[in-house]
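Quick note on labels: first sequence line is chain A, next is B, and so on, each numbered from 1.
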Amino acid sequence: MRFGPFLNIESPINRIIVVQVIVTVSAAVMCLIFGLAAAYSTLLGGLVCVVPGFIAARMVITKGVRLEKSETGLGPVIRSELTKLVLSVVLFIATFTLVKTLDVLFFFGAFIGLQLVYVAVPVMEANLLRRRMAGNKSG
Amino acid sequence: MEQSLIYIAGGILMGLGAVGSGIGIGMLGGKYLEGIARQPELQPMLMTQLFIALALVDAVPIIGVGIALYLIFAV
């Protein structure tokens, strides 16, 4: 499935990012129960995780698709990881200095929860594939 | 005195996280290069898997960096 030129959901990286965006928005909406500060803290925690991940993924995918002889090594991955780290640090500093009424528990809860998506999505996909293969064998 | 202890704590948080992720990323990168040396045609698939694994390895140090920056800038 393709959503425009920027989002090819067939790529596993993009699938993880789409799940992260969905989890962020739904968690922020659910956290409205605890108040507005909790909701926007959750949203900010999610964005600090998703935005650097998305930009790093774009760098890897565009470099990975257009394979050149000089780009077959670790270069694109290391550049994207460096960008991700720097962006994360900048967003953390911006959040902590600009947002005065931040609910830290919700902020870090959302951030850590979204990091777990990196584990959850591949594991769920592997389980789904295993079940499908088991179903094909029995059927 | 308290503020300087917070800076030291933040530094230790970031530093120890960086040691762990450095070892992990080094091992991952080495295995990735071995993989593309053996089967160069699998390079795009291996790069995607490498990127996901790198994000996993990076998760804990980045959480450490976040908490350290919170200690330094907000506490």
Exercise. Does the side chain of Glu125(A) come within less than 4.5 Å of Arg15(A)'s, by heavy atoms?
Worked result: yes
Exercise. Between Phe111(A) and Phe106(A), is any pair of side-chain heavy atoms under 4.5 Å apart?
Worked result: no
Exercise. Under a 4.5 Å heavy-atom cutoff, which of Ile16(A), Val89(A), Val104(A) has the most pairs with chain B?
Worked result: Val104(A)
Problem set entry | Test side-chain contact (heavy atoms from CB on, under 4.5 Å) applied to Leu102(A) and Leu98(A), Leu105(A), Val99(A), the passing residue | Val99(A)
Taking only distance into account, with no hydrogens and no angle test, what donor-acceptor pairs under 3.5 Å do side-chain atoms of residues 56-75 of chain B form with protein atoms, sequence neighbours excluded?
none

For this session: Can you tell which part of Lys100(A) gets under 4.5 Å to a heavy atom of chain B, answering side chain, backbone, both or neither?
Result: neither
Seminar exercise, completed: Counting heavy-atom pairs under 4.5 angstrom with chain B, the leader among Thr95(A), Thr97(A), Ile112(A) is Ile112(A)
